[in-house]
There are 2 protein chains.
Amino acid sequence: MREILDIQKKLLPDLMDIMKKRYSILHHILVSGVVGRRTLASSLDMTERVLRGEVDFLKEQGLLESDASGMKISESGRQLLEDMLPIIKIAFGLTDLEESIAKAYGLSQVIVVPGDTDTSVFTKKELGRAGAAALRKYVAKGDIIAVTGGSTMAQIANNLTISSSMKGNWFVPARGGLGESVDMQANTIASIMAKKTGGKYRLLHVPDHLGEEAYQTLIQDPQIQEVVDAVRSCRIVVHGIGDAMVMARRRKVDADTTRSLQSDGALAEAFGYYFDRQGNVVHKMPTVGLRLEDLQRTEVVIGVAGGKSKGEAIASVLRHGQEDVLVTDEAAAIEIMKHV
Amino acid sequence: MREILDIQKKLLPDLMDIMKKRYSILHHILVSGVVGRRTLASSLDMTERVLRGEVDFLKEQGLLESDASGMKISESGRQLLEDMLPIIKIAFGLTDLEESIAKAYGLSQVIVVPGDTDTSVFTKKELGRAGAAALRKYVAKGDIIAVTGGSTMAQIANNLTISSSMKGNWFVPARGGLGESVDMQANTIASIMAKKTGGKYRLLHVPDHLGEEAYQTLIQDPQIQEVVDAVRSCRIVVHGIGDAMVMARRRKVDADTTRSLQSDGALAEAFGYYFDRQGNVVHKMPTVGLRLEDLQRTEVVIGVAGGKSKGEAIASVLRHGQEDVLVTDEAAAIEIMKHV
DNA sequence: CCAGTGATGGACGTTTTATGTCCCGGGTAT
DNA sequence: ATACCCGGGACATAAAACGTCCATCACTGG
């Protein structure tokens with residue numbers, strides 16, 4: 001596979017460029033749904049005319065369709081994009097990145113999508129697609145799947161589709177309420193995922209910042225206890241990874257804790273735990289749900305995060321060593337490899 | 001390996017041609033040892049100038065060397081050729097098929113799409129796409145285009161798009177109603193094609209199995225006469241090819257006729273005529289429209305059919321010798337070559 | 001020794017193709 | 001109703017490809 005491309009490169013040096021160009025046009029149209037020529041041209045940084053040439057070609061090949069409202073991808077175009085993914089990864093050099101990260105951190109699979117989530121909303125969507133695909137790959141019938149919150153997780157939820165293998169699975173939030181906006185809370189994500197896949201879900205309604213005694217009575221509650229048990233016996237965890245300080249701010253952590261996080265060198269956050277550069281846990285959010293020790297019994301831990309700015313944070317979570325699968329983007333992957 | 005080339009064929013069809021061209025240049029030089037530009041050009045059937053462009057490129061890539069005595073292949077060029085062999089075999093299996101069929105049956109163009117229409121719906125769609133592309137290539141402004149019915153023709157109609165070169169053209173059914181389901185009748189196909197391309201159409205409402213006198217009065221009708229005249233003066237014919245017995249059954253031909261077809265060795269059916277293995281007409285459907293002798297005045301006859309099971313039938317229609325362009329699939333093409 | 005042959009590489013005008021730029025008529029969402 | 005965005009047509013221009021001719025060089029055969 002790789003050889004064939006190397007051979008072709010010798011005989012057709014610009015093959016890769018054209019292939020990438022056409023791929024990215026098609027891909028852009030795929031993620032945009034319906035889009036016009038001018039919009040597309042500016043978003044791809046091409047002149048209108050040359051884009052038009054390519055679009056005419058792609059139309060002739062039956063890979064996209066156009067009507068008065070704009071252009072959209074055809075079924076065979078969508079299929080083509082799917083089939084092309086491995087080729088594109090090689091052409092973009094992403095396979096190398098995937099393999100080196102997997103080896104450096106002892107992961108069983110790494111998926112790298114092209115682009116940078118920090119700068120392109122399309123990359124974020126692609127990350128969601130890839131995350132959903134990864135989950136689909138590892139899930140089995142009757143699994144309990146614990147998920148966290150965050151915008152990346154929301155994207156994954158968006159890209160899940162109904163599938164027989166996920167029908168009847170349980171989606172649960174990995175931890176209790178962690179004071180984020182509603183549509184990115186773990187509870188919300190779990191319910192969306194369940195609806196999209198035809199699965200079931202249970203919610204954990206445990207507010208933050210409870211007094212000790214209120215907390216104790218709450219976790220004695222049989223209803224809550226049941227959900228917590230389910231969470232702790234999950235087979236799959238899918239979680240985002242965040243920058244420690246950004247997450248602390250977003251969750252309105254009090255000044256004292258923030259200071260202590262800073263002095264402890266907290267760099268990354270994942271499922272309510274804060275990690276320093278070496279991958280040590282330096283702080284945990286006071287709420288119920290999945291504990292670190294539960295992860296060891298968990299069969300598949302899937303981390304999903306992207307963006308150049310998150311690279312270092314992802315690296316420190318990976319160093320902690322509980323992850324099995326990582327889904328990230330090109331920019332973050334490059335940063336991760338700087339911190340081996 | 002196979003997939004990557006199929007993908008590239010869809011996304012970069014012209015680059016595949018260039019690859020073939022460069023490969024054959026290199027290969028020719030390899031077998032010739034040392035050879036001059038003009039000699040090579042004539043032996044490859046290229047103009048000197050275009051060969052020179054390619055040679056300059058190959059020299060730049062270090063794949064061949066040239067001195068005052070002529071050109072010869074370099075070591076890395078020889079290595080490349082060796083590595084390419086499997087790629088070339090796969091990538092151009094179809095091209096070879098196309099050329100051998102074209103030569104064997106004296107056609108001006110043969111288009112072979114990968115796959116087998118019998119087993120894959122996708123191949124059938126691809127056949128439709130290729131048929132539409134072929135029609136687009138040969139059509140000119142103001143043409144009258146006669147079409148037949150059938151599911152393959154319906155696919156072609158589906159894949160036609162509005163285009164200025166076809167605007168205002170006439171689509172007519174090649175022959176009268178031949179007792180098939182409505183959405184595959186020539187009348188229907190003609191009207192769909194006209195709508196899709198922005199052309200106009202005329203229909204032929206002549207039922208099958210008319211009594212002789214009803215038939216005579218019908219074809220005296222000026223309206224019908226006008227359409228029949230248009231059909232017979234068409235410049236382009238696009239038609240499907242069917243297995244004789246399958247078609248007879250589908251058209252509910254009576255038992256007597258079926259027996260006579262069988263005893264005459266009818267193998268194939270096209271535009272209402274039945275052909276035996278040698279390409280002789282052994283029977284014709286009793287309806288009005290295009291006659292065989294009209295085909296000689298027709299400039300472009302495009303036959304479209306695929307599927308392993310139809311290979312022999314296609315071959316016998318080709319042997320009749322009126323076809324100019326054939327669009328088929330890989331499985332049928334292989335069968336066709338077995339019957340040269 | 002020399003003319004003839006066939007080679008490469010340079011040159012140049014012409015044709016074809018690609019590109020930048022505008023505009024038009026038609027839908028669509030506001 | 002209107003303003004906006006869409007695809008597609010049109011056209012001048014820049015760039016690439018091509019056909020053609022020629023100069024020069026190396027080798028060969030006489």
Side-chain angles (χ1 to χ4, degrees), chain A residues 12-15 17-19 21-22 25-26 28-74 77, chain B residues 12-15 17-22 25-26 28-74 77 136-137 139-141 159-169 195-199:
Chain A
L12 311 155
D14 40 359
L15 170 125
D17 295 333
I18 301 179
M19 197 158 84
K21 182 166 67 178
R22 293 187 178 160
I25 293 173
L26 268 183
H28 239 86
I29 296 177
L30 174 71
V31 297
S32 307
V34 177
V35 66
R37 206 200 311 140
R38 277 165 266 262
T39 316
L40 191 57
S42 74
S43 122
L44 283 166
D45 198 30
M46 304 170 72
T47 66
E48 185 194 329
R49 193 58 178 77
V50 52
L51 172 71
R52 185 171 166 180
E54 298 297 338
V55 160
D56 284 350
F57 166 82
L58 292 171
K59 216 179 304 175
E60 190 108 344
Q61 295 294 311
L63 300 172
L64 59 86
E65 296 156 356
S66 74
D67 55 29
S69 67
M71 305 171 290
K72 69 169 194 289
I73 197 138
S74 77
Chain B
L12 317 146
D14 37 352
L15 286 206
D17 291 342
I18 298 178
M19 183 162 102
K20 183 182 189 183
K21 183 165 65 179
R22 293 187 177 159
I25 292 173
L26 267 184
H28 236 88
I29 296 177
L30 174 71
V31 299
S32 309
V34 178
V35 66
R37 213 168 48 202
R38 273 168 270 264
T39 318
L40 191 57
S42 74
S43 124
L44 282 166
D45 198 29
M46 305 169 73
T47 68
E48 187 193 330
R49 191 60 178 78
V50 55
L51 173 69
R52 186 171 164 181
E54 297 300 339
V55 161
D56 285 349
F57 167 82
L58 293 170
K59 217 181 303 177
E60 203 149 318
Q61 297 289 314
L63 300 171
L64 60 83
E65 296 156 358
S66 74
D67 55 27
S69 67
M71 305 171 291
K72 70 171 196 289
I73 200 147
S74 77
R136 213 172 2 245
K137 176 179 169 184
V139 81
K141 245 192 162 71
N159 282 284
L160 283 172
T161 51
I162 191 149
S163 73
S164 57
S165 64
M166 287 206 228
K167 209 169 272 181
N169 288 12
K195 276 172 202 156
K196 287 256 188 183
T197 58

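Letters A, B, ... are given to chains in the order of the sequence lines, protein chains preceding strands, and every chain is numbered from 1.
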### From dT8(C), dA7(C), dT19(C), nucleotide with atom closest to Arg37(B) side chain
dT8(C)
#### Entry: Min side-chain heavy-atom separation Gln61(B)-Pro13(A) under 4.5 Å
yes
Rounding to an integer number of Å, can you tell me how far [X] [atom1] sits from [N] [atom2]?
X        : N       : atom1 : atom2 : value
Leu40(B) : dG9(C)  : CG    : P     : 14 Å
Leu64(B) : dA7(C)  : CG    : P     : 15 Å
Glu54(B) : dA17(D) : CD    : P     : 9 Å
Phe57(A) : dG7(D)  : CZ    : P     : 18 Å
Glu48(A) : dT21(C) : CD    : P     : 10 Å
Lys21(A) : dA18(C) : NZ    : P     : 11 Å
Glu65(A) : dG8(D)  : CD    : P     : 12 Å
Asp14(B) : dA17(D) : CG    : P     : 13 Å

So, does [X] get its side chain near the phosphate of [N], meaning an N or O under 4.0 Å from OP1 or OP2?
X        : N      : value
Ser69(B) : dG6(C) : no
Ser66(B) : dG9(C) : yes
Lys59(B) : dT8(C) : no

### Message
Is it the case that atom CG in Asp45(B) sees more than 12 heavy atoms from other parts of the structure closer than 6.0 Å?
### Response
no
#### Entry: Donor-acceptor pair under 3.5 Å, Arg52(A) side chain vs dG9(D) base
yes
### Query
Hey, is the side chain of Arg38(B) pairing donor to acceptor with the base of dT8(C) inside 3.5 Å?
yes
Under 4.0 Å, heavy atoms only, any strand: does [X] hit a base, just the sugar-phosphate, or nothing?
X        : answer
Asp67(A) : sugar-phosphate
Val35(A) : sugar-phosphate
Gly70(A) : sugar-phosphate

#### Entry: Test item: Thr197(B) side-chain N/O and Thr161(B) main-chain N/O as donor-acceptor pair under 3.5 Å
no
#### Entry: Nearest-nucleotide comparison on DNA chain C, the residue closer to the 5′ end among Arg49(B) and Thr39(B)
Thr39(B)
### Message
Assess the residue pair Arg22(A) and Ile18(A) against the criterion (side chain to side chain contact (heavy atoms under 4.5 Å, CB included)); give the C-alpha distance rounded to whole Å, side-chain angles, the decisive distance to 0.1 Å, and a yes or no.
### Response
CA-CA 6 Å; Arg22(A) 293 187 178 160; Ile18(A) 301 179; 3.7 Å; yes
### Query
What residues form a ring-ring contact (aromatic ring centres under 6.0 Å, His included) with His28(A), not counting sequence neighbours?
Phe122(A)
